[in-house]
Amino acid sequence: MFTSDTLKDETILITGGGSGLGLAMARKCASLGSNIAICGRTEEKLQKGAEKIKEMGSGGTVRYYVADVRDYDRVKEMMRQIIADFGKMTGLVNNAAGNFLSASEDLSPGGFKAVVDIVLHGSFNCTHVFGNYLIGEERAGNILNMVTTYAESTGSAFVLPSACGKAGVLAMTRSLAYEWATYGIRLNAIAPGPFPTEGAWERLMPDESAEKKFLSKIPAGRYGDKEELANLAVFLMSDMASYITGECVVIDGGERLAAGQFNFIDKLAPREKLKEFFKSMHKREG
Ligand code: HXC
């Protein structure tokens, strides 16, 4: 459904685009004609990431910028530079995040602040600078925020700062989708379930048995593929989704539905055995 010019004429900044899901989205966008800017804190990671994005490029330019999204002035300077380098900026993906496992009673204020600063303040900083640029230039644009499945209704134990930060980002997505629609600015969010990336896995997966448990919660029976997430990101950023704003699309193989009251029955026996059992119950009734 995408063609090599689906994102032609776009210049998209992807924060934390040097690795993981950010890099996967950057590579996909580049392959569909977009200019790509990535930013992050570590130059070496960005340099390597930019090379990988260039491999996929279909005519666009790729540049990287060393910047910590927590620093508003640095974000402002970076976007000024991006606009000078590319002539314009049309899209922003707030992907940079921080997370670690901790019992909440053991969190230090600094630990809470570090994650919320990256996730919520970082997304605000980039969105605020970019939004002002678009409004000032009377230019339409697109913002995509990476949240999580636990941002919406459940929260999550042991990742309190991330849950709080991402819930804030989701609220920002919806608030601004309404407020800035009049300027032609769309904001949407993606809520990924478990996608194994180095950054997330080394911080969030305690050991192999935890990983097995994790996998068993996903009715699709597998983790997500970065390419699947990148396809969704492209769709939401492209003109194909021009009437979609304020939406949060979950991509998790059904993991969030685990609370369904009778779902556990599926774990009691193989499906064929269950079906026989259901039929025998039916016969007993009738
Ligand atoms: C408890 C910790 C900690 C840990 C850091 N801190 N790691 N506390 N457990 N594992 C505390 C420190 O002690 C310090 O507290 C404060 O946090 C700041 O730590 P620094 O290392 O100085 O901060 P900084 O260098 O800014 O690093 C930020 C970070 C780090 C968030 C802590 O982990 C980071 O840079 N992460 C970026 C990459 C990342 O996390 N990727 C995963 C995202 S995956 P004091 O009290 O001394 O100030 C994701 C997906 C979610 O979000 C969905 C999954 C299914």
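The residues of the chain are indexed from 1 along the displayed sequence. In each ligand, atom 1 is the first atom listed, and ligand 1 is the first ligand listed.
- A donor-acceptor pair under 3.5 Å is absent between the side-chain atoms of R63 and the main chain of A50, judged by distance alone.
- Using a 4.0 Å threshold on non-hydrogen atoms, atom 9 (N) of ligand 1 counts as touching the protein.
- Between C126 and T15 the shortest heavy-atom distance is SG-CG2, 3.9 Å.
- Using a 4.0 Å cut-off between charged nitrogen and carboxylate oxygen, R74 and D68 do not count as a salt-bridge pair.
- Some N or O of N99 is nearer than 3.5 Å to an N or O of ligand 1, by distance alone.
- The shortest N or O to N or O distance between Y150 and ligand 1 is not under 3.5 Å.
- Remark: ligand 1 atoms within the under-4.0 Å shell around heavy atoms of G98 are 31 (C), 36 (N), 37 (C), 39 (C), 40 (O).
- The shortest contact between atom 25 (O) of ligand 1 and any protein heavy atom is with R41 NH1, 3.9 Å.
- The protein heavy-atom contact nearest to atom 33 (O) of ligand 1 is R203 NE, 3.4 Å.
- Comment: R256 does not engage E152 in a salt bridge, judged by the lack of any side-chain N to carboxylate O separation of less than 4.0 angstrom.
- Between S162 and ligand 1, not a single N/O pair is under 3.5 Å apart.
- Listed by number with element, the atoms of ligand 1 under 4.0 angstrom from any heavy atom of A114 are 18 (C).
- The single protein non-hydrogen atom nearest to atom 11 (C) of ligand 1 is G111 CA, 3.7 Å, given as residue, atom name and distance.
- Distance from atom 42 (C) of ligand 1 to its nearest protein heavy atom, with residue and atom name: G199 O, 3.8 Å.
- For the pair K48 and E44, the salt-bridge criterion is met [side-chain N within less than 4.0 Å of a carboxylate O].
- The ligand atoms of ligand 1 that sit less than 4.0 angstrom from a heavy atom of A97 are 37 (C), 38 (C), 39 (C), 40 (O), 41 (N), 52 (O).
- The two residues A26 and I38 make their nearest non-hydrogen contact at CB-CG2, 4.2 Å.
- For atom 36 (N) of ligand 1, a protein non-hydrogen atom is found at a distance below 4.0 Å.
- Taking each heavy atom of I251 and F195 in turn, the nearest pair found is O-CE1, 3.4 Å.
- Between S102 and ligand 1, no N or O atom pair is found at a separation short of 3.5 Å.
- Within the 4.0 angstrom cut-off, atom 4 (C) of ligand 1 has one or more protein heavy-atom neighbours.
- Protein heavy atoms are absent from the space less than 4.0 angstrom from atom 55 (C) of ligand 1.
- Here L204 has side-chain heavy atoms under 4.0 Å from ligand 1, and that is the only part of it that gets that close.
- Looking only at atom types and distance, the side chain of Y183 has no donor-acceptor partner in the side chain of E138 under 3.5 Å away.
- Across the listed options L107, T42, T148, T148 owns the non-hydrogen atom lying nearest to atom 53 (C) of ligand 1.
- Geometrically, K217 engages F214 in a cation-pi contact defined by less than 6.0 Å to the ring centre and at most 45° from the axis.
- Atoms of ligand 1 found under 4.0 Å from any heavy atom of G110 (numbered from 1 in listed order, with element): 15 (O), 16 (C), 46 (O), 48 (O).
- Shortest contact from atom 28 (C) of ligand 1 to any protein heavy atom: I118 CD1, 4.0 Å.
- For atom 17 (O) of ligand 1, a protein heavy-atom neighbour is present inside the 4.0 Å cut-off.
- Not close to ligand 1: K113, with no non-hydrogen atom less than 4.0 angstrom away.
- The backbone N or O of I36 sits nowhere less than 3.5 Å from a side-chain atom of S34 that would complete a donor-acceptor pair.
- Protein heavy atoms all stay at least 4.0 Å away from atom 21 (O) of ligand 1.
- S108 OG, 3.2 Å is the protein heavy atom nearest to atom 15 (O) of ligand 1.
- A donor-acceptor pair is defined here as one N or O able to donate and one able to accept, closer than 3.5 Å; such a pair exists between the side chain of N35 and the backbone of T61.
- Of the polar atoms of R70, at least one N or O is found under 3.5 Å from an N or O of ligand 1, judged by distance alone.
- For the atom pair L134 CG and K88 NZ, the distance stands at 11.5 Å (nearest 0.5 Å).
- Nearest non-hydrogen protein atom to atom 1 (C) of ligand 1 is F100 CE1, 3.4 Å.
- Taking CD1 of I190 as the reference point, atom CE of M25 lies at 6.5 Å (rounded to 0.5 Å).
- In this model, no donor atom of one side chain and acceptor atom of the other lie less than 3.5 Å apart for N188 and T245.
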As a quick check of understanding, evaluate side chain to side chain donor-acceptor pair (under 3.5 Å) for T173 and N145, giving each step before the final call. CA-CA 7 Å; T173 308; N145 294 325; 2.9 Å; yes

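- For atom 44 (S) of ligand 1, the nearest non-hydrogen atom of the protein is A200 CB, 3.7 Å.
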